[in-house]
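Note that the coordinates shown come from a computational prediction; the quantities given were computed from them, not determined experimentally. Just so you know, these numbers use all the heavy atoms, side chains as well, and skip hydrogens, waters and symmetry mates. Below, read A as the first sequence line, B as the second, and so on, with proteins coming before strands; counting in each chain starts at 1.
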Amino acid sequence: MPELPEVEVTRLGVAPHLEGRLVDSVLLRRDGLRWPFPPALPTLLAGQRILSVGRRGKYLLIHFAHGTLIIHLGMSGHLRVLPPGTELKKHDHFDLVVGSGAGQQVLRLHDPRRFGAVLWHPNDDGELDSHLLLRGLGVEPLEDGFSGGLLFRASRKRSAPVKQFLLAGDVVVGVGNIYACESLFRAGINPKTAAGRISRGRYDKLAVAIREILAEAIVQGGSTLRDFIAVNGRSGYFQQTYFVYDREGVPCRNCGAPVRRIVQGQRSTFYCVNCQK
DNA sequence: CTGGAGACCTGGATGC
DNA sequence: TGCATCCAGGTCTCCA
């Protein structure tokens with residue numbers, strides 16, 4: 001579920017409930033997800049104040065004075081802010097309880113497939129950017145530094161299809177399977193084209209498309225933010241109007257030709273043979 | 001360095 | 001109804 005917009009909407013949703021508050025306790029309901037939970041987490045965080053909630057790519061970063069809690073939602077994870085005592089559901093793996101008394105709230109991580117992660121980076125372990133999982137990440141697509149020029153330069157000598165080039169995350173972060181498909185459609189680029197054979201001008205168009213599509217998705221998600229504190233929290237995310245993703249055989253919204261599905265790197269790619277050359 | 005395949009998991013949809 | 005198969009929003013690890 002979570003690509004960059006979903007993670008950013010999650011960040012916007014949970015931050016007001018976390019920032020400035022003291023951690024009461026941490027509950028680990030299993031040993032870990034993709035990697036083991038740091039067993040010392042409850043001790044490390046109890047009584048500590050949350051300074052801010054940030055994001056790097058698809059990683060959520062909960063900053064404390066002495067380190068950062070790194071949370072990844074994997075394929076199926078989501079976070080909710082709930083009243084204490086909320087009934088536990090299957091696959092609720094991790095709680096961060098903040099505040100005390102009537103103001104207490106629980107940040108709860110739910111992740112059926114368990115591809116997510118909860119990790120701890122102590123400040124005395126060096127810069128957060130040098131953390132093993134963060135060090136190889138590309139630029140943020142919504143920040144300065146992301147441009148068609150960057151995509152163009154980074155793609156020279158890359159023979160992989162442009163779809164895979166975007167998904168790899170070492171040049172630009174946060175573009176997952178859905179938004180890679182949608183961005184390439186908006187830019188009119190065939191996902192199979194070798195990244196290194198795409199012109200500067202077409203990358204300019206692609207960079208704009210990526211920016212616009214991610215920003216639009218975040219705006220749409222913003223309208224559902226209160227779901228993050230709903231007890232029976234519905235999806236919390238949003239229904240994006242896709243142009244090609246998950247629309248195999250359906251007429252292209254632009255030209256009417258049936259949308260095609262192919263497999264690249266063991267992932268589905270959806271595109272329009274007419275509109276994407 | 002680059003690129004491709006396998007790995008990690010559960011659950012929902014589909015087909016016989 | 002039951003069971004098998006396929007598919008899913010990520011990304012690390014290993015190998016050629």
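- By the salt bridge (charged side-chain N to carboxylate O under 4.0 Å, His left out) test, A:E212 pairs with A:R186, sequence neighbours left out.
- Note: A:W35 and A:H72 fail the aromatic proximity criterion, with ring centroids not under 6.0 Å apart.
- Sequence neighbours left out, the pairs with a member in residues 25-50 of chain A that pass salt bridge (charged side-chain N to carboxylate O under 4.0 Å, His left out) are A:R29-A:D95.
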Which pairs, protein N/O on one side and nucleotides 12-14 of chain C N/O on the other, fall under 3.5 Å?
from: C:dC12; atom 1: OP1; to: A:Y59; atom 2: OH; distance (Å): 2.8
from: C:dC12; atom 1: O4'; to: A:R34; atom 2: NH2; distance (Å): 2.5

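- Looking at residues 155-166 of chain A, you'll see A:R158, A:S159, A:A160, A:Q164 sit with a heavy atom under 4.0 Å from some atom of DNA chain B.
- The ring pair (Phe, Tyr, Trp, His ring centres under 6.0 Å) pairs that include a residue from residues 126-145 of chain A are A:H121-A:H131, where partners are two or more places apart or lie in different chains.
- Listed by chain and residue number, A:R261, A:F270 satisfy the side-chain contact (heavy atoms from CB on, under 4.5 Å) test with A:S268 (two or more places apart in sequence, or in another chain).
- Using a 4.0 Å cutoff on non-hydrogen atoms, the parts of residues 108-120 of chain A near DNA chain C are A:R113, A:F115, ordered by number.
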Q: Return one dot-bracket line describing DNA chain B 5' to 3' (Watson-Crick or G-U wobble pairs, both distances under 3.5 Å; ( ) same strand, [ ] crossing, | another strand, . none).
A: .|||||||.|||||||
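- Shown here are the side-chain contact (heavy atoms from CB on, under 4.5 Å) partners of A:S147, two or more places apart in sequence or in another chain: A:L150.
- For A:H110, the ring-ring contact (aromatic ring centres under 6.0 Å, His included) test picks out A:H78, with sequence neighbours left out.
- Residues satisfying the salt bridge (charged side-chain N to carboxylate O under 4.0 Å, His left out) criterion with A:R158, sequence neighbours excluded, are A:D170.
- Residues satisfying the salt bridge (charged side-chain N to carboxylate O under 4.0 Å, His left out) test with A:R55, not counting sequence neighbours, are A:E8, A:E140.
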